Amino acid sequence: MIHLQSEELLHKTIENFMIESDKVAHVQIGNNLEHALLVLTKTGYTAIPVLDPMYRLHGLIGTNMIMDKIIGLKRIEYEKLDQIPVEQAMKTDIPRLKINDPLLKGLGMVVDHGFVCVENEEQLFAGIFTRRTILKQLNKVIRNFNK
Ligand code: AMP
């Protein structure tokens, strides 16, 4: 049993650990599925945020959601890709964090999600909090603890 007493880490907020919005790949409302698929393929990410021009978060679009939208009864209907806007395929019921939420709240959420979108006080997209980031921190703390 590991007793994690790194007060310093546990009392920090999500803001200290998130990837800031300017480094997060995203698509905009109105972009079509072909564009989203290009971004997802080029970046190698499984899902990315869908934002509007004001930087409000509307949902997430992932390769699985795109494929689901273009799978017909007998074949994959690739020709539909440039006709469907991302808002018709994105997932809107998504977990969200606030920049001032405690790290522990984010830790609980990334048990079930590879990353969670973070919003600021004005409800604008601020960045993402990823499972990788928190695992890196915990890895450091646990290794130092055992020294
Ligand atoms: P990672 O923790 O780096 O393996 O990322 C897990 C998931 O978080 C990726 O598959 C993406 O869906 C998302 N993600 C991570 N970093 C970024 C980024 N810079 N821009 C957009 N999405 C990201």
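Order of listing sets the numbers, starting from 1, for every ligand and every atom in it. Predicted model, so just to flag it, every value in this text is computed and none were measured.
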Table please: side-chain donor-acceptor pairs of residues 71-78 below 3.5 Å, with sequence neighbours left out.
residue : atom : partner : partner atom : Å
Arg75   : NH1  : Glu79   : OE2          : 3.2
Arg75   : NH2  : Glu79   : OE1          : 3.0
Glu77   : OE1  : Lys80   : NZ           : 2.7

Result for side chain to side chain contact (heavy atoms under 4.5 Å, CB included) between Met90 and one of Ile29, Ile48, Val27 points to Ile29

Any heavy atom of Lys23 under 4.0 Å from ligand 1? The part involved is backbone

Any heavy atom of Tyr45 under 4.0 Å from ligand 1? The part involved is both

Within the 4.0 Å heavy-atom cut-off, what Thr46 brings close to ligand 1 is both

One finds that the ligand 1 atoms under 4.0 Å from a non-hydrogen atom of Ile128 are 14 (N), 15 (C), 16 (N), 17 (C), 22 (N), 23 (C)

*How about Lys12 and Gln137: does a side-chain donor come under 3.5 Å of a side-chain acceptor?*
no

Check: So is Arg131 in contact with ligand 1, going by heavy-atom distances below 4.0 Å?
Finding: no

SG of Cys117 to NE2 of His26, rounded to nearest 0.5 Å, is 11.5 Å

_Taking Asn100's backbone N and O only, do any of them form a donor-acceptor pair with Lys98's side chain (distance below 3.5 Å, no angle check)?_
no

Residue, atom and distance of the protein heavy atom nearest atom 6 (C) of ligand 1 read Gly114 O, 4.3 Å

Atom 5 (O) of ligand 1 sits nearest the protein heavy atom Thr130 CG2, 4.7 Å

Quick note on ligand 1: atoms under 4.0 Å from a heavy atom of Phe115 include exactly 7 (C), 8 (O), 12 (O), 13 (C)

Review point. Can you tell me if Asp101 uses its side chain to pair, donor with acceptor, with the backbone of Lys105 under 3.5 Å?
Key: no

For Arg132, the atoms of ligand 1 under 4.0 Å from one of its heavy atoms are 1 (P), 2 (O), 3 (O), 4 (O)

Would you please indicate yes or no on a ring centroid separation below 6.0 angstrom for Phe125 and His58?
no

If you scan protein heavy atoms around atom 20 (N) of ligand 1, the nearest is Ala25 N, 2.9 Å

* Is any N or O atom of Ala47, backbone or side chain, closer than 3.5 Å to an N or O atom of ligand 1? -> yes

Does Asn120 reach the main-chain N or O of Leu124 with its side chain, forming a donor-acceptor pair under 3.5 Å? yes

Atoms of ligand 1 under 4.0 Å from any heavy atom of Ile48, numbered from 1 in the order shown, are 21 (C), 22 (N)

